[in-house]
Amino acid sequence: MDAGGGRGQEVEVGGRRLLVRNLDKVLWPEDGYTKADLISYYLQVAPVMLPHLRDRPLVLTRYPDGIHGAHFYQKDLPDGTPDWVASVPFLSPSTGRVVRYCLCPDAATLAWLGSQACLEIHPWLSRTSSPSEPDFAVLDIDPAPPAGFAEARRLALALGGLLERLKLSSALKTSGATGLHIYVPLLPGHTYPGVREFVRRVAVLLYRTFPRMVTLERTVRRRAGRVYLDYLQNVRGKTLVAPYGVRPLPGAPVSTPITWQELIRVDPAGFTLSTVPARVRAVGDLFAPALGLGHRLDFALLPIGGLEPGRPASAGLRGRRLASPPATEPADSGPASSRPPFRAAGPGGLQPPGRRIGGHGELEPTASQSAVCGDLQPPPQAGVGPPQAGASPRPGPGGAPPQAAGRRPATQRPAGPD
DNA sequence: TTGACGG
DNA sequence: CCGTCAATGAGTCTC
DNA sequence: GAGACT
Ligand SMILES: [Mn+2]
Ligand SMILES: [Mn+2]
């Protein structure tokens, strides 16, 4: 019972033995990182990464010839996949084909993904047990050049303040490029359209508060210099790169969980395939809040006067409505044309965009935005915290976040995938 | 990337 | 052991 | 159908 008849070197992981071809192939030419380095990285972060992959269908991107070579998305597992690699079949609604989505419950599978030159692992926002019920709401913060991480950070801080006001815990990570990802853990029973509508409203709120810094534009050329709040990521089958996932960019940056306190001083480019393992050993899993106690989103906007217009089913809760309104069809934001108009209601109602305070900086909010800008400070360790380390001003040896070393040269980094 | 085939 | 060749790989929403 | 997203 060897690991197949092909060529390659044996790698043993957790009792599994697999044959890996081209272990010394360089995948990140600028940095010299090889497939062996990738597999080594995966195995080192497996303890904190696996809990975030478990039970979720995975979308993979493969770069068999390195980050500058041709790449492709892979959903259906290829022929030749070892029989011990777990998968879950789903009927693709649009194509009518059965797709066997890869699952990754253990380190051996992670190593195998490395052997396939899977440089990106994108877990669904829902689990195999209820594929249409996301258990995260994701706030995808995408700065459009010349905006960069600094702008994304400002938005994230505002969002963090808002989430704190709404009593929603969250987990924060870098995207690996210049963006940021915030996950809000959800109780069972939410729908994708409902969650999407919630995040859309949050995005609109931020847009009205920071009309010069935020954009909701779908056309990339109209986004220039602003930060795109991509609420449309909350869709079945759409994904974000996994926490601790490496990116196919020079430097091999990693989508790295950070605390709200660290956000102010980190340089996301400092989190890489070579630095993150030590950090993980020092600070543990800073993304744990994403798997912690979940929330329900219906009425979550109530504290800031956001009633749920129309759609009694509210934020897409289905089933187990506690003392909820009468059952109706699941909320559905649908195409913009059929979407119920956003109704600003209640005290401190929302204002249309365009209002801005003359003579003030980019960050200056419009009046009446106390809901969001009342505080621009991060929530105090919202949610769980790891066994201390990165949260203190003087983080442990390995856990020190990369400082933004003074003013960085104008040549940031080529804006990569977020 | 893999497996197949040939040297 | 090696080199070479063929076949292969996603889906969703907006405008 | 093109454009954007992962
Ligand atoms: Mn995005
Ligand atoms: Mn992003």
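Letters A, B, ... are given to chains in the order of the sequence lines, protein chains preceding strands, and every chain is numbered from 1. No experiment lies behind these values; they were computed from the predicted model shown.
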Taking atom types as modelled, find out whether [X] and [Y] have a side-chain donor-acceptor pair closer than 3.5 angstrom.
| X | Y | value |
| --- | --- | --- |
| A:H52 | A:D285 | yes |
| A:T34 | A:D24 | no |
| A:S255 | A:K173 | yes |
| A:S274 | A:Y33 | yes |
| A:R201 | A:Y231 | no |
| A:Q233 | A:R196 | no |

Are A:Y244 and A:Y42 close enough that their ring centers fall under 6.0 Å?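 For A:Y244 and A:Y42, the ring centres are not under 6.0 Å apart.
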Verify whether the ring centers belonging to A:Y192 and A:W124 lie closer than 6.0 Å.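 No.
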Contacts to DNA chain B from residues 108-118 of chain A, heavy-atom cutoff under 4.0 Å, which residues?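 Listed by number, they are A:S115, A:Q116.
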Go through the steps to decide whether A:R223 and A:E217 satisfy the test salt bridge (charged side-chain N to carboxylate O under 4.0 Å, His left out), and finish with yes or no. CA-CA 6 Å; A:R223 292 180 193 163; A:E217 278 286 352; over 6 Å; no
base_contact_polar (B:dG3 base, A:R7 side chain, donor-acceptor, <3.5 Å):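 Donor-acceptor pair under 3.5 Å: no.
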For atom [atom1] of [X] and atom [atom2] of [N], their distance in whole Å:
| X | N | atom1 | atom2 | result |
| --- | --- | --- | --- | --- |
| A:L77 | C:dA7 | CG | C1' | 17 Å |
| A:R21 | B:dG3 | CZ | P | 7 Å |
| A:L60 | C:dT8 | CG | C1' | 14 Å |
| A:L125 | C:dT12 | CG | P | 14 Å |
| A:Y192 | C:dG11 | OH | P | 15 Å |

Neighbours of DNA chain C within residues 80-106 of chain A, by heavy-atom distance under 4.0 Å: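 The stretch gives A:S92, A:P93, A:S94, A:T95, A:V99 as the residues lying under 4.0 Å from the strand, ordered by number.
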Expressed as a whole number of Å, how far does the P atom of C:dG11 sit from that of B:dT1?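 It comes out at 23 Å once rounded to the nearest Å.
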Among C:dA10, C:dG3, C:dC13, the nucleotide that comes nearest once only the side chain of A:V235 is considered: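 When the side chain of A:V235 is considered, C:dC13 is the closest of C:dA10, C:dG3, C:dC13.
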Is the CG atom of A:L91 crowded by more than 12 outside heavy atoms at less than 6.0 Å?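 Enclosed.
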Within the 4.0 Å heavy-atom criterion, would you say A:R236 contacts the bases, only the backbone, or no part of the nucleic acid?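 Touches sugar-phosphate only.
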Does A:D65 reach a base, just sugar-phosphate, or nothing at all? Heavy atoms under 4.0 Å.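 No contact.
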Tabulate protein N/O versus nucleotide N/O from nucleotides 4-6 of chain D, keeping only pairs under 3.5 Å, one per line.
unit_1, atom_1, unit_2, atom_2, d
D:dC5, OP1, A:R223, NH1, 2.4
D:dT6, OP1, A:D142, OD2, 3.4
D:dT6, O4', A:T239, O, 3.4
D:dT6, O3', A:H122, ND1, 3.4
D:dT6, N1, A:Y73, OH, 3.4
D:dT6, N3, A:Y73, OH, 3.2

Which is it for A:E133 and A:R236 under the salt bridge (charged side-chain N to carboxylate O under 4.0 Å, His left out) test, yes or no, and what are the steps along the way? CA-CA 9 Å; A:E133 295 187 355; A:R236 173 171 166 148; over 6 Å; no
